[in-house]
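Here is the structure we will look at, set down as structure tokens.
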Amino acid sequence: ASRPRVLSGIQPTADSYHLGNFLGAVRNWVAMQDDYDAFYCVVDLHAITSGHDPKLLRERTRVSIAQLLALGLDPARCTLFVQSHVPEHAQLGWVMGCITGFGEASRMTQFKDKSSKQGAERSSVGLFTYPILQAADILLYHADRVPVGEDQRQHLELTRDLAQRFNTLFGDTFTVPQPHIIKETAKIVDLQDPTAKMSKSASTANGLVELLEEPAKAAKKIKSAVTDTGREIIFDAENKPGVSNLLTIYSALSGRSISELVSAYDGKGYGDLKKDLAEVVVEFITPIQKRTKEYLDDPGQLDKVLAIGADKARNVAAPTLAKVYDRIGF
Ligand code: ADP
Ligand code: NA
């Protein structure tokens, strides 16, 4: 039997991914490369929905791909590509938009959240139709599974509805994707405010560790992370979110289990834990930075990786779009 296909995307909007992006998403992508027929894309079409700088976007797309390669995505074992390199995404997005109800799209809570922050009047139509493009991203590849966090569940539900609707209207065309829930996925919280998630858009500079930041700076952030009252190093995400977050990061980066760490730190203080974790983080990000730089320093090689990824993706996307066009009478 062939391996189930997964598709996942990540925005290129930041200068560097942070520990949350790696531990909550990219780490799982790396782990899925062999058991799944994995398609991963840097979604630059989605990155222009709320205003952007062209020069920065171009740089960030390349830095994002370089980081994903440095983190362990292997173009020989997965299909890694940039969304805009495959024009079928935008083409299918249009078709799917034409079978989406305006009211249905209006119910997407992520749009409501984002547009209320920006001011509804100033929000772009692209931000509004974002989930429809996302449906096209998934359906083009007949993905069986889509890794989703809570915040993306509604969008995947829309994707499933649109796939079923198209199939009913025009004949069986799309695979209806299932959510792929990864139980052990870590949710990393802000180092300064453990009640909030670590986030590029929401965290203050000291609240997040970026993979590409100065290692000494990253170490300092870990050492000055907010911990909880009490002195005991135990895992209790509810009552001790700060310490538990440090243990989660420590465990994920070192491969040591939480319970092993808890016994190792029995009788020791928060300072000891933070000092050791700072070292673990530095040891993790230093080679990532070196490899990212190597990819960026060889633009010809990176272009080649991107061209191969786009080709592999188009080999699947183009026949899907051709079938769709045929079905709808083009
Ligand atoms: P940000 O919140 O920094 O803007 P994105 O929303 O672009 O990050 O998320 C990119 C990917 O990283 C998503 O799959 C998301 O679930 C994951 N992710 C982001 N922040 C965290 C976090 N703090 N913990 C776990 N996963 C995260
Ligand atoms: Na976000």
Side-chain angles (χ1 to χ4, degrees), residues 6-32 38-52 56-57 60-61 63-65 67-68 71-73 80 83 108-111 113-114 117-118 127 130-131 133-134 137-138 143 145-156 159 179-213 218 221-222 225-226 237 241-242 244-253 281 284:
V6 301
L7 179 127
S8 202
I10 192 161
Q11 289 226 21
T13 44
D15 292 311
S16 169
Y17 291 130
H18 56 75
L19 276 181
N21 298 139
F22 174 64
L23 296 176
V26 180
R27 181 174 60 137
N28 302 322
W29 292 13
V30 174
M32 285 189 290
F39 282 67
Y40 299 128
C41 85
V42 170
V43 291
D44 54 351
L45 296 180
H46 290 286
I48 65 168
T49 50
S50 298
H52 74 288
L56 262 185
L57 177 62
R60 286 171 170 178
T61 299
V63 174
S64 297
I65 292 281
Q67 280 175 93
L68 295 173
L71 289 168
L73 290 187
L80 175 63
Q83 187 186 26
M108 296 296 119
T109 57
Q110 194 181 82
F111 172 75
D113 290 348
K114 288 193 178 173
K117 277 182 203 141
Q118 295 174 5
L127 186 68
Y130 187 120
L133 180 60
Q134 208 175 351
D137 298 340
I138 296 164
R145 283 153 177 264
V146 180
V148 280
E150 256 332 296
D151 56 335
Q152 289 298 324
R153 275 184 163 279
Q154 195 188 29
H155 288 176
L156 184 62
T159 301
H180 183 68
I181 312 285
I182 300 163
K183 285 195 195 68
E184 62 277 21
T185 284
K187 184 183 165 217
I188 305 304
V189 299
D190 187 296
L191 297 175
Q192 293 300 318
D193 174 12
T195 63
K197 78 168 200 156
M198 184 180 284
S199 165
K200 184 72 190 174
S201 40
S203 294
T204 59
N206 287 330
L208 87 174
V209 169
E210 294 183 312
L211 302 179
L212 300 185
E213 75 180 315
K221 290 181 188 177
I222 296 287
V226 166
S244 301
N245 190 44
L246 297 180
L247 286 169
T248 301
I249 296 170
Y250 200 149
S251 170
L253 296 186
V281 167
F284 175 70

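Counting starts at 1 for both ligands and their atoms, following the listed order.
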For ligand 1 and S199, I'd like to know whether there is a polar contact (N/O to N/O, distance under 3.5 Å).
yes

Going through the checks in order, is the salt bridge (Lys or Arg N to Asp or Glu O under 4.0 Å) test met by R60 and D15?
CA-CA 6 Å; R60 286 171 170 178; D15 292 311; 3.1 Å; yes

With sequence neighbours excluded, residues passing ring-ring contact (aromatic ring centres under 6.0 Å, His included) with H155
none

Which of N245, N21, V209 passes side-chain contact (heavy atoms from CB on, under 4.5 Å) with I188? Answer is N245

Just distances here: any N/O of V189 and N/O of ligand 1 closer than 3.5 Å?
no

Between the side chain of T13 and the main-chain N/O of A47, is any donor-acceptor distance below 3.5 Å?
no

Kindly compute the distance separating CG (L156) from CD1 (I138), expressed to the nearest 0.5 Å.
5.5 Å

Number the atoms of ligand 1 from 1 as they appear, then name those within less than 4.0 Å of a heavy atom of S201, with their elements.
4 (O)

For A25 and ligand 1, does the shortest N/O to N/O distance drop below 3.5 Å?
no

Is there a polar contact between ligand 1 and I10, counting only N or O atoms under 3.5 Å apart?
no

Check: S251 side chain, T248 main-chain N or O, donor-acceptor pair, under 3.5 Å:
no

Min heavy-atom dist K187 to ligand 1 below 4.0 Å
yes

Report the part of A186 in contact with ligand 1, treating N, CA, C, O as backbone and CB onward as side chain, heavy atoms under 4.0 Å; options are side chain, backbone, both, neither.
backbone

Given R27, K200, M198, which one has a non-hydrogen atom that is nearest to atom 3 (O) of ligand 1?
K200

According to salt bridge (charged side-chain N to carboxylate O under 4.0 Å, His left out), does anything in residues 200-213 pair up with another residue at least two apart or in another chain? List the pairs.
K200-E210, E213-K221

Within the structure, is a non-hydrogen atom of Q152 found at a distance of less than 4.0 Å from ligand 1?
no

Whether the side chain of Q118 engages the backbone of S50 through a donor-acceptor N/O pair (distance < 3.5 Å, no angle test) should be reported.
no

Determine whether the side chain, the backbone, both or neither of Q11 has a heavy atom under 4.0 Å from any heavy atom of ligand 1.
neither

Counting both backbone and side chain atoms, is some N or O of K197 under 3.5 Å from an N or O of ligand 1?
yes

